[in-house]
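In this text the structure is predicted, and so the values were computed from the model without any measurement. Counting convention: from 1, in listed order, for ligands and their atoms alike.
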Amino acid sequence: MPDRLRPRARVAVFVSGAGTNMAALLYASRLPGVPYEIALVASNDPGADALDLAAGEGLPTFALAHRGMTRAEHDRAMGDAAKEAGADYIVLAGYMRILTPEFVARWQGRVLNIHPSLLPAYPGLDTHARAIAAGDRAGGCSVHLVTDELDSGEVLGQLAVAISPEDTAEALAARVKLAEHQLYPRVLADYVSRPYRADWLLAEVRSRAMALDEVEEKESHGAPGWKLAGKSGKFFAYFSDFHHGGSNIALLVKTSGADEQEAVIARDSDRVFSPPYYGSGGWIGIVLDRPGLDWEQVEYWLARSWRAVAPRRLSRLLDAAEEF
Ligand code: GAR
């Protein structure tokens with residue numbers, strides 16, 4: 001999908017304090033070509049300065065004090081507010097609450113946090129004082145995915161900030177903040193763009209195709225493809241990047257034949273097409289670079305297609321398991 005047609009990702013920012021990172025994210029989002037927009041600023045502290053700043057900029061806000069609520073109730077209400085605002089991602093910007101595993105599971109892979117250290121060094125609090133006390137030559141900041149464990153999800157980006165011999169924690173914190181304001185908008189923009197990038201989509205498809213039994217990857221006419229292992233093993237999937245032709249990135253898989261091919265395309269013509277050059281073999285193309293792609297559907301078709309070419313010896317096991 002060409003960049004100019006792509007809808008911007010909607011982001012809910014969770015804050016507890018001053019909200020300078022939220023402001024950096026907001027102003028960056030107003031630059032041309034930035035692939036995200038702020039849909040909501042939400043806080044556990046109704047008095048947070050960040051909320052005034054957001055309201056002054058015309059952003060929707062939501063505040064809910066956590067006192068008197070269980071963690072699960074509060075998380076759920078914050079998540080519901082983000083959902084209602086149409087958020088695809090939640091971005092924590094000085095949100096000083098630990099999220100429940102239920103919340104993290106509900107938003108899996110769609111919650112980012114910024115932390116004022118070069119993770120994995122110094123998770124938790126007092127990061128600058130600890131870096132100075134340890135005699136480190138640099139501190140910095142990290143943007144990472146949020147998982148169940150505090151400050152330990154995949155690191156998506158980092159910036160180092162030099163520590164000078166006479167540094168105080170306050171002076172270092174102020175410089176790290178400047179670095180945070182540069183890092184966060186860039187990393188967020190890259191992250192929300194991933195589902196449209198051929199290299200990322202290929203890696204996602206590859207891991208799913210290779211998880212099927214006795215599969216090997218082989219290039220075919222310049223496209224990555226997956227086939228049953230061995231000399232006579234047939235192809236069941238191809239990754240097609242028509243990017244340069246101005247069209248889509250797609251996964252090609254096999255239906256049971258011409259009838260099903262036609263029916264599937266008729267049912268879902270925005271997302272499924274008949275791939276050129278793939279003749280009458282019942283192949284369909286599933287568009288991958290689009291908002292809201294359903295990876296379960298991709299997995300379903302990979303498995304179906306694998307089964308269409310798998311030898312009886314392998315597919316029989318599956319049939320037996322299904323009858324069970
Ligand atoms: C930022 O320095 C951020 O890294 C830190 O809170 C500050 C929020 O400032 N976050 C954490 O310590 C999370 N463990 P801000 O409200 O001005 O953006």
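- Near Pro116, meaning under 4.0 Å from any of its heavy atoms, are these atoms of ligand 1: 4 (O), 5 (C), 10 (N), 11 (C), 12 (O).
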Go through the steps for Met78 and Leu99 under the test side-chain contact (heavy atoms from CB on, under 4.5 Å), then give the verdict.
CA-CA 11 Å; Met78 293 288 288; Leu99 297 163; over 6 Å; no
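- Annotation: Gly19 places an N or O atom under 3.5 Å from an N or O atom of ligand 1; distance criterion only.
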N/O donor-acceptor pairs under 3.5 Å from side chains in residues 79-98, not counting sequence neighbours:
unit_1, atom_1, unit_2, atom_2, d
Asp80, OD1, Arg106, NH1, 3.4
Asp80, OD1, Arg106, NH2, 2.9
Asp88, OD2, Arg10, N, 2.7

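- Residue, atom and distance of the protein heavy atom nearest to atom 17 (O) of ligand 1 are Thr20 OG1, 2.6 Å.
- Note that CD of Glu102 is 8.5 Å distant from CG of Asp75, once rounded to the nearest 0.5 Å.
- With sequence neighbours left out, the ring pair (Phe, Tyr, Trp, His ring centres under 6.0 Å) criterion links Trp301 to no other residue.
- Close contacts between ligand 1 and Gly94 involve ligand atoms 6 (O), 8 (C) [criterion: under 4.0 Å to a heavy atom].
- Considering Glu180, His115, His181, Lys177 only, the shortest heavy-atom separation from atom 14 (N) of ligand 1 involves His115.
- In this structure, Val15 falls outside the shell of residues with a heavy atom less than 4.0 angstrom from ligand 1.
- Atom CZ of Arg290 and atom CZ of Arg6 lie 14.0 Å apart (nearest 0.5 Å).
- Between the side chains of His181 and Thr20, at least one donor N or O lies within less than 3.5 Å of an accepting N or O.
- In terms of protein heavy-atom proximity, atom 13 (C) of ligand 1 is nearest to Ile114 O, 3.8 Å.
- The atoms of ligand 1 that sit less than 4.0 Å from any heavy atom of Met96 are 11 (C), 12 (O).
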